[in-house]
Amino acid sequence: MIFRSTRHQAPPVSAEKAILTGLAPDGGLYVPSGFPSLSPFPSGMQYPELATLAIQPFFNESSEKIDIGPIIRDALNFEVPLNFFGKETAVLELFHGPTAAFKDVGARFLAGVMAALKKPGDPVTTIVVATSGDTGGAVASAFFRKPGFEVIILFPEGKVSPRQQQQLTCWGENISSYAVKGTFDDCQRLAKEAFATPSVAGNRQLSSANSINLGRLLPQMTYYIHASIGFRARTGQSPVIIIPSGNVGNAVGAVWAREMGAPIRKIVLAANANRTIPDFFDTGKWSPRPSVETLANAMDVGNPSNMERLRDLYPDLSHLKSFIETASVTDEEIRETIISHFHKTGMVICPHTAVAEKVRRTRFDGEPAMIVATAHPAKFETIVEPLIGQPVEIPPALAGLLHRPVSVRQIEPDLHQLFT
Ligand SMILES: *Cc1c(COP(=O)(O)O)cnc(C)c1O
C-alpha cells in the first residue's frame, strides 16, 4: 500500500516514510491510496491478531521489513472492552491504557514503529508534541526511556485538568514539559514553527506525533473493526458508532475501518460547543475559528485538521452525509448526561464520553448503537465527582502516575524560549 497527500502535490510514499515525515511536503496529510477489503472477516480472532491482519497490508510496500505483529502486541497490551448497557446499546471503552485515554493506542503503536525503524548510530529523534490534554501524556508514556528518542511536550497553562497536568509533567529523563502561556492553538503554532525553522533545534532531528501522523491513525481502525464485529455477533446488527470528536483522528479510524468492510452502519462525529464540523455539515462551508473552552477540553478544537482526510476521501458532501452525521452538545448537557447516565446505569463517564451519550439519546435511542468512551472519568474528577456526589475510583495505571514527582517549565509562546 502506498500513501498520497490530500493536496496531490507531493510524491506518494510508503507507510514508513509517511510516519517518519508526519506532514506531507505540500502541507497535506497522508492517506492510503486504497483500502484492502477484509470482509468477510475471519471469526473468533483475538483483538491483537485481528489488528495485525488489518494493519499489515498497509506496510507491504515498505522497504524496511516491519513485522507489525510484535509492535501491535506490545502497543495493545490492555483491554478494549465493549460493555453493553442495553440490549443493543454498548460503550466501547478505550481508556484502559497507561494514561487512561484512547490516545495510548495510537501513541504506543507510533512509538513501536519509530523504534523499529531506528538504526544503530542514528541521531536522537526529538518528538515535539502540542497537546490540549491527553496527547502529551500518551506520547510521553509511549516514548519514556525509549533509547534514541526524546519528547518535548507543549500544553496550554491552566487549560488542562489537574490530573492531566500531572500526566504531562511527571516523567523527567527523556521527556521535557512546557506550560505555554497561551491556548492550545498557540502550542500547535509553536510546534509548527519549530518544524519550519529547523535551525533553532540545533542538531536535533525533529519529528511529530500529533494526531495528523498516519502512525496514530492506522491502529485506531483496529478497535472499530474488532468492536463492530463483536457488536454484530451479539446483536445481529451493525451499529451506529458515536465518537466524541475534536481533531477527528479517532473518527477517521472508524471511517477507514468501514472502508475495509467493518460492519458499521453509520458514524457520528459528536462535538462539544466547538461547532466547526456540525456547521460544515449543515452549510457546506468550511469555516475554522478559534476554539472555545468546554468541559470536554480534549475536544476544544476550532480547526479540526483531520477533516481534510475525510473530505479527500469523499469530496462530495452529500456522499459524506450518507453515512456520517454530526452533532454539538453544550456543557450543560454534558453535566446532565454524566448525572443521569450514572443514575440509570451505575456507570461513571467522562465529559467527552458524555457528549457521545447525549447524542445517542437524542438521535439514536432504541437503535443499535455504540458510544465511544475516550477517557477514564478519574482523569476529570474535579468535574465528575461533584456531579455524581461520590469519588471516582482511580485505575491502577493512573494511580501510579499520580504519585510521581513533576517538573515543568513555563514559557511564553515563543520559539526561542523553547530551545534555550
Ligand atoms: C483527543 C481526545 C478526543 C478527541 O479525539 P480526536 O481524535 O481529536 O477527534 C476525545 N476525547 C478524549 C478524552 C481525547 O483525549
Side-chain angles (χ1 to χ4, degrees), residues 41-55 72-109 134 138 141-142 219-244 250-251 253-254 257-258 262-265 267-268 270 298 337-338 341-342 344-357 360 364 368-380 384 392-400:
F41 287 93
S43 62
M45 263 184 158
Q46 294 296 311
Y47 175 42
E49 279 66 43
L50 184 62
T52 305
L53 181 81
I55 290 190
I72 286 278
R73 278 196 296 279
D74 185 48
L76 302 178
N77 63 350
F78 48 87
E79 296 287 295
V80 187
L82 185 61
N83 275 336
F84 280 78
F85 58 95
K87 199 158 156 278
E88 294 181 335
T89 325
V91 53
L92 174 60
E93 293 182 358
L94 300 180
F95 55 66
H96 295 281
T99 70
F102 84 90
K103 294 190 174 77
D104 282 323
V105 174
R108 290 171 67 77
F109 180 78
D134 286 333
S141 161
Q220 289 172 187
M221 303 182 305
T222 64
Y223 42 72
Y224 291 116
I225 296 173
H226 184 246
S228 60
I229 292 173
F231 192 99
R232 196 177 55 181
R234 170 152 164 170
T235 66
Q237 310 272 356
S238 301
V240 174
I241 301 187
I242 307 170
I243 306 171
N250 200 1
R258 190 174 173 277
I264 298 169
R265 188 164 75 79
I267 292 160
V268 183
T337 307
I338 291 173
H341 196 69
F342 178 62
K344 269 192 212 150
T345 67
M347 285 180 186
V348 185
I349 52 178
C350 87
H352 311 80
T353 309
V355 169
E357 171 59 8
R360 188 196 67 76
F364 301 100
M370 183 195 299
I371 63 167
V372 177
T374 48
H376 193 286
K379 286 185 90 161
F380 301 92
V384 172
V392 180
E393 204 178 319
I394 303 175
L398 185 55

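Counting begins at 1 with the first residue of the sequence. None of the values given here were measured: they were computed from a predicted structure.
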Looking only at non-hydrogen atoms, find the nearest pair between [X] and [Y] and report the distance.
X	Y	value
Pro377	Val384	O-CG2, 4.2 Å
Ile349	Ala354	CD1-CA, 3.7 Å
Pro219	Tyr47	O-OH, 4.4 Å
Met221	Ile55	CE-CG1, 4.4 Å
Arg258	Arg265	NE-O, 4.0 Å
Val392	Ala378	CG1-N, 3.8 Å

Return yes when atom CD of Gln237 has more than 12 non-hydrogen atoms of other residues, nucleotides or ligands closer than 6.0 Å, and no otherwise. yes

Is there a donor-acceptor pair closer than 3.5 Å between any side-chain N or O of [X] and the backbone N or O of [Y]?
X	Y	result
His352	Ala298	yes
Lys103	Ala375	no
Asn83	Val91	no
Thr52	Pro48	yes

Result for side chain to side chain contact (heavy atoms under 4.5 Å, CB included) between Ile243 and one of Leu92, Val268, Asn250 points to Asn250

Does [X] reach the side chain of [Y], with side-chain heavy atoms less than 4.5 Å apart?
X	Y	result
Tyr224	Ile267	no
His226	Val80	no
Arg108	Asn77	yes
Phe102	Gln220	yes
Thr99	Asp134	no
His96	Pro81	yes
Leu94	Val105	no

CD/Glu93 to CE/Met347 distance, rounded to the nearest 0.5 angstrom? 6.5 Å

Are Phe231 and Phe84 close enough that their ring centres sit under 6.0 Å apart? yes

Aromatic centroids of His376 and Phe95 separated by under 6.0 Å: yes

Taking only residues two or more places apart in sequence, or in another chain, which ones meet Pro263 in a side-chain contact (heavy atoms from CB on, under 4.5 Å)? Ser228, Ile229, Arg232, Ser238

What verdict does the side-chain contact (heavy atoms from CB on, under 4.5 Å) test give for Thr353 and Ile371, after you've listed the backbone C-alpha separation in whole Å, the side-chain angles of each residue and the deciding distance to 0.1 Å? CA-CA 7 Å; Thr353 309; Ile371 63 167; 4.1 Å; yes

side-chain contact (heavy atoms from CB on, under 4.5 Å) between Asp104 and Phe78, intermediate numbers included: CA-CA 10 Å; Asp104 282 323; Phe78 48 87; 4.1 Å; yes

Using side-chain contact (heavy atoms from CB on, under 4.5 Å), reason through Leu76 and Thr222 one step at a time and then give a plain yes or no. CA-CA 10 Å; Leu76 302 178; Thr222 64; 4.3 Å; yes

